[in-house]
Amino acid sequence: MATYLARRVGQSLLAVFLTLTTVFLLLRLAPGDPAAAYAAPSATAADLARIRAQFGLDEPLVVQYGIFLRDLCTGNLGTSYSFHASAFQVVMDRLPYTITLAVSAIAVTTVVAVPLGVWMARRADTKRELGANVLTITGQSMPDFWTGVMLLTVFAVLLPVLPASGFTSWSGLILPTVTVAVLQLALISRLVRREMTTALAAPYTTVARSRGVSERSLTWQYGLRNSAVPLVTALGTRFAALLNGVVVVEVVFGWPGVGSLVVRALETRDYPLIQATVLVTATLAILVQLLVDLAYPLFDPRVRLGKAA
């Protein structure tokens with residue numbers, strides 16, 4: 001276990017470092033001038049040169065990268081150009097909102113999609129299962145922004161029962177959560193249906209049924225338990241993706257999370273803020289994936305960390 005953890009932590013640190021390096025290079029190579037985005041519209045060439053010197057943007061790329069690595073090792077991610085505050089602190093102030101939205105969306109997805117997928121598997125190749133399949137495919141096909149706009153139109157305009165934007169109360173969490181969960185519900189329920197159908201048709205299920213095991217036990221103890229590993233993997237992957245910020249949903253609903261922060265940082269070419277956002281979200285995503293890997297033995301005793309079963 002200790003060897004496995006040490007190896008995974010090393011791999012995670014390397015992944016974060018390579019991600020930050022890639023983002024650093026792509027930002028500097030992309031067209032556009034952060035000084036022009038930061039300066040006033042009436043700024044002169046001298047003003048732009050002064051701003052570049054102030055932020056170290058006039059240095060060669062190698063020098064900028066060396067300064068970036070030095071500051072990274074000391075925990076200094078720079079000062080945001082647009083917020084005039086620590087870039088790391090700006091991201092951390094927005095992160096709780098993104099985590100709240102991600103947790104609520106995954107919770108709704110798990111509570112609804114798993115029973116729905118089991119129900120579809122128990123009624124495979126029937127008309128009712130076909131109808132559920134049509135609904136899940138429809139949900140999987142709808143873009144986030146369209147779902148969000150439709151929910152806003154119905155529940156914030158035609159029937160003004162929920163807030164249209166922001167997070168002034170817990171009711172403001174409902175529409176963004178449903179918007180994010182619609183796509184996740186479609187994906188997870190279809191995955192559960194596929195895995196459960198395979199498990200319920202497996203030889204060990206046939207043997208258990210011949211021994212008189214009840215259908216309830218066959219479904220939840222045999223079928224779902226043997227489908228747990230791909231289900232946990234899918235939920236962990238989706239949760240890690242949501243922690244990176246649901247950009248479209250956050251913009252549509254004016255949600256003060258990391259996704260909307262990234263949009264503003266990209267518009268203003270705020271290098272320190274973009275780099276801080278990537279560092280925080282990449283670290284969280286990799287941590288979630290590590291926890292998912294460590295959870296495998298809890299669901300499948302054949303799984304052994306670092307060795308074959």
Out of curiosity, [X] [atom1] to [Y] [atom2], how far, rounded to the nearest 0.5 Å?
X: F253; Y: L173; atom1: CZ; atom2: CG; answer: 10.5 Å
X: L95; Y: T281; atom1: CG; atom2: OG1; answer: 9.0 Å
X: I99; Y: L243; atom1: CD1; atom2: CG; answer: 6.0 Å
X: I188; Y: T136; atom1: CD1; atom2: OG1; answer: 12.0 Å

Requested in this report: Sort and list the pairs that fulfil ring pair (Phe, Tyr, Trp, His ring centres under 6.0 Å) and have at least one residue in residues 69-96, not counting sequence neighbours.
Outcome: Y38-H84, F55-Y81
Report summary line: Across all chains, not counting sequence neighbours, the ring-ring contact (aromatic ring centres under 6.0 Å, His included) partners of Y65 are F24
Report task. Check salt bridge (Lys or Arg N to Asp or Glu O under 4.0 Å) between R52 and all other residues, then give those that pass, not counting sequence neighbours. Result -> D33
Query - By salt bridge (Lys or Arg N to Asp or Glu O under 4.0 Å) - contacts of R209 (at least two apart) - result: E215
**Report entry** Within residues 182-196 or reaching into it, pairs that qualify as salt bridge (Lys or Arg N to Asp or Glu O under 4.0 Å) - sequence neighbours excluded
**Finding:**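 Residue pairs passing salt bridge (Lys or Arg N to Asp or Glu O under 4.0 Å), neighbours aside: E129-R193.
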Once side chain to side chain donor-acceptor pair (under 3.5 Å) is applied, do any residues pair with [X], and if so which ones, sequence neighbours excluded?
X: Q289; result: none
X: D58; result: none
X: T177; result: S104
X: D47; result: T44

**Report entry** Of all pairs that satisfy side chain to side chain donor-acceptor pair (under 3.5 Å), the ones with a partner from residues 228-242, not counting sequence neighbours
**Finding:** Q184-R238, T233-Y296
Query raised in the report: So which pairs with a foot in residues 143-155 pass side chain to side chain donor-acceptor pair (under 3.5 Å), sequence neighbours left out?
Result: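 Matches after skipping sequence neighbours: none remain.
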Can a donor-acceptor pair be found, under 3.5 Å and without considering hydrogens, that links the side chain of [X] to the backbone of [Y]?
X: Q64; Y: E59; answer: yes
X: Y97; Y: W255; answer: no
X: T268; Y: S82; answer: no

Query - Residues that L25 engages under side chain to side chain contact (heavy atoms under 4.5 Å, CB included), provided they are two or more places apart - result: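 Applying side chain to side chain contact (heavy atoms under 4.5 Å, CB included) to L25 gives T21, L61.
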